[in-house]
Amino acid sequence: MVLKKETEVLVVGAGPVGMFAALELAERGIAVELVDESWRTAARSYALALHPRSLQLLDAMGLLEELLQHGHRVDSVAFYEGGERRAEVALADVLDTLPFLLVLPQDRLERALSRRLAEKGVEVHWNRRLAGFEQRLDRGDRRVVAQLEVLAEEDVGYGVSGFVAEERVRVACDFLIGADGHRSSVRRLLGLDFGKIGTAGDQVYAVFEQQARPPSPTEVRVVLGDATADVLWPLAPDRLRWSFELTDPRGLVSNRAKGRLAVHLGGDVFPYLDHHDLARLIAERAPWSGAEAEGELNWSVAVRFERRLVPRFGDGRVWLAGDAAHLTGPVGVQSMNVGLREAHELAWRIAEVVQSKEQDGLMVEYDSERMAEWRRLFGIGSPVEITASAPGWVARRADRLITCLPVSGEELSAMGRKIGLAF
Ligand SMILES: Cc1cc2nc3c(=O)[nH]c(=O)nc-3n(C[C@H](O)[C@H](O)[C@H](O)COP(=O)(O)OP(=O)(O)OC[C@H]3O[C@@H](n4cnc5c(N)ncnc54)[C@H](O)[C@@H]3O)c2cc1C
């Protein structure tokens with residue numbers, strides 16, 4: 001399929017958020033072109049679970065049944081403070097529709113989205129990189145003109161191949177959506193900051209995926225410490241994933257540095273993590289789950305997470321969604337799930353503006369609502385409040401709790417209230 005030079009919406013970035021935005025637009029009868037600088041889907045498996053709200057949105061796109069076949073249902077969330085189990089919340093006590101989390105690898109979601117897009121006649125134009133755009137707010141129907149580079153693989157010497165820009169094309173559109181991930185070009189071209197939140201610094205997580213022995217729990221377990229938030233996700237009855245927040249990543253290497261492999265990530269070097277590290281972290285942070293350290297380790301890695309947010313979600317006819325606008329830690333799987341909701345919010349608003357010539361006030365509202373949600377998640381402006389009857393562990397851990405809740409939107413308030421957070 002040829003990339004059209006004129007369209008109603010150009011979506012830049014074919015990760016889950018960009019694909020979902022394109023699908024929602026196509027469902028609403030909006031002409032959409034979807035481009036990505038990669039040469040095909042990266043088939044990532046980073047984000048591992050879908051919130052109930054995401055399931056509702058995917059259901060509306062006819063995808064739920066397929067996803068349920070490949071996912072693992074989790075019905076409740078348990079909270080631990082170190083060695084003590086403090087509380088549990090059943091999703092059914094928080095919402096009526098689809099009251100569960102679905103553990104599903106991100107690449108499985110991406111495959112389902114791309115298949116559904118193809119059914120709607122939308123294909124991803126891989127190897128097309130956004131290089132620039134201009135907004136023409138004062139004239140013409142097509143208010144944005146984007147410049148795309150068509151990339152081609154080329155031998156760049158020493159037997160190494162790379163992707164180089166072969167030609168440039170221009171695409172005129174009514175709206176441009178930047179769903180181009182944490183290194184977003186759209187954000188940079190809008191001149192938006194991507195400031196770090198707070199002074200606490202980045203979070204580094206040691207992630208271990210292992211066989212479950214005995215069978216993995218049917219709940220997600222959040223473990224709060226003095227300066228850490230860890231999480232145990234059941235991936236399947238026989239597999240689970242531990243993510244431990246490290247206060248001193250380099251400390252891991254102290255006793256057994258010699259001869260250990262190193263993992264290089266974003267300019268940092270982390271030690272290779274093995275089952276000794278997992279056993280030690282479990283003994284220190286989650287002594288109640290000793291037996292789980294015995295399952296065979298499938299893989300492990302140290303990953304750095306930042307907390308960042310744009311000052312606004314866009315301008316005029318160019319808007320951001322997903323990791324292009326925000327980054328956070330992994331415990332509550334907020335980045336992708338809230339990103340999917342942003343895709344939905346953008347899609348219906350853009351459809352209204354394009355089809356009914358509604359005023360752009362709808363887009364201004366998008367910005368204020370999205371900013372409000374992330375300011376709340378990050379506790380910016382007003383600190384997290386607790387109810388008068390909140391137990392001591394909630395009072396002690398309130399500032400870390402919100403981004404650890406694996407729900408968003410109204411369910412976030414509902415689950416927060418169940419444990420004593422006031423919204
Ligand atoms: C290393 C890593 C680990 C992670 N671990 C977790 C985790 O444990 N839990 C969790 O919840 N989340 C995790 N995430 C985040 C999660 O993967 C994202 O929230 C999710 O991918 C949704 O992102 P998105 O669609 O907004 O962007 P992405 O998935 O990043 O997709 C952006 C797309 O835009 C394309 N693109 C970029 N620039 C251009 C351009 N100029 N022109 C055209 N295309 C462009 C890219 O090729 C990419 O395909 C992790 C992310 C990373 C990078």
Side-chain angles (χ1 to χ4, degrees), residues 3 10-23 33-51 54 101 103-107 109-110 113-114 124-133 146-151 163 165 169 171 176-189 202-209 220 230-231 233 235 241-245 263 265-266 270 301-308 310 313 320-343 346 403-404 406 408:
L3 175 68
L10 174 67
V11 179
V12 179
V17 173
M19 280 202 264
F20 192 66
L23 180 57
E33 294 292 317
L34 173 58
V35 296
D36 196 292
E37 67 175 356
S38 320
W39 69 280
R40 63 172 173 80
T41 178
R44 292 159 284 246
S45 286
Y46 300 142
L48 55 70
L50 291 165
H51 291 175
S54 304
L101 300 151
V103 175
L104 183 87
Q106 185 174 326
D107 57 339
L109 170 64
E110 291 183 16
L113 286 169
S114 101
V124 182
H125 297 283
W126 301 108
N127 276 345
R128 305 288 188 280
R129 180 199 289 147
L130 180 86
F133 63 78
Q147 293 97 46
L148 302 176
E149 290 173 345
V150 181
L151 305 177
F163 284 91
V169 292
V171 175
L176 187 151
I177 294 180
D180 51 346
H182 63 294
R183 294 204 195 105
S184 172
S185 305
V186 178
R187 183 185 66 234
R188 185 171 40 79
L189 291 161
D202 300 344
Q203 297 170 290
V204 175
Y205 272 85
V207 182
F208 302 87
E209 201 166 302
V220 54
D230 310 322
V231 67
W233 275 96
L235 303 181
R241 187 190 288 185
W242 264 116
S243 299
F244 288 101
E245 186 172 2
V263 180
L265 274 169
F270 296 105
V301 70
V303 187
R304 174 183 298 284
F305 288 89
E306 297 174 323
R307 285 153 51 94
R308 289 180 184 263
V310 285
F313 271 68
L320 300 172
D323 281 18
H326 46 73
L327 296 179
T328 187
V331 178
V333 205
Q334 302 283 0
S335 303
M336 184 184 75
N337 283 281
V338 179
L340 292 175
R341 226 174 67 249
E342 285 156 5
L346 266 183
T403 44
C404 294
S408 44

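First listed ligand is number 1; within each ligand, the first listed atom is number 1.
Between the side chain of D180 and the backbone N or O of V12, no donor-acceptor pair lies under 3.5 Å.
Summarising the contacts of atom 44 (N) of ligand 1 with M19, R241, H326, E37, the nearest heavy atom is found in E37. Of the candidates V338, V124, D36, D36 brings a heavy atom nearest to atom 47 (O) of ligand 1. Residue nearest to atom 36 (N) of ligand 1, selected from V303, T328, D180: D180 (by heavy-atom distance).
The side chain to side chain contact (heavy atoms under 4.5 Å, CB included) test with S184 singles out one residue from R188, H182, R187, and that residue is R187.
At a heavy-atom distance under 4.0 Å, only side-chain atoms of F305, from C-beta outward, approach ligand 1.
Atoms of ligand 1 lying under 4.0 Å from at least one heavy atom of P330, given by number and element, are 7 (C), 8 (O), 9 (N). Close approach to V333 involves these atoms of ligand 1, each under 4.0 Å from a residue heavy atom: 11 (O). For ligand 1, the atoms lying closer than 4.0 Å to a non-hydrogen atom of G181 are 27 (O), 30 (O), 32 (C). Close approach of ligand 1 to S335 is summarised as follows: ligand atoms under 4.0 Å from at least one heavy atom of the residue are 19 (O). Within ligand 1, the atoms closer than 4.0 Å to a non-hydrogen atom of G13 are 33 (C), 34 (O), 35 (C), numbered from 1 in the order shown. Less than 4.0 angstrom separates some heavy atom of A179 from each of these atoms of ligand 1: 32 (C), 33 (C), 34 (O).
In terms of the ring pair (Phe, Tyr, Trp, His ring centres under 6.0 Å) criterion, residue partners of F244 (sequence neighbours excluded) are, by chain and number, W242. Applying the ring pair (Phe, Tyr, Trp, His ring centres under 6.0 Å) rule to F313 yields the partners Y366; only residues at least two apart in sequence or on another chain are considered.
Within the structure, the closest approach of R183 to ligand 1 does not fall below 4.0 Å when heavy atoms are considered. Heavy-atom distances between P16 and ligand 1 reach below 4.0 Å in at least one pair.
If you check the side chains of H326 and E342, you find a donor sitting under 3.5 Å from an acceptor.
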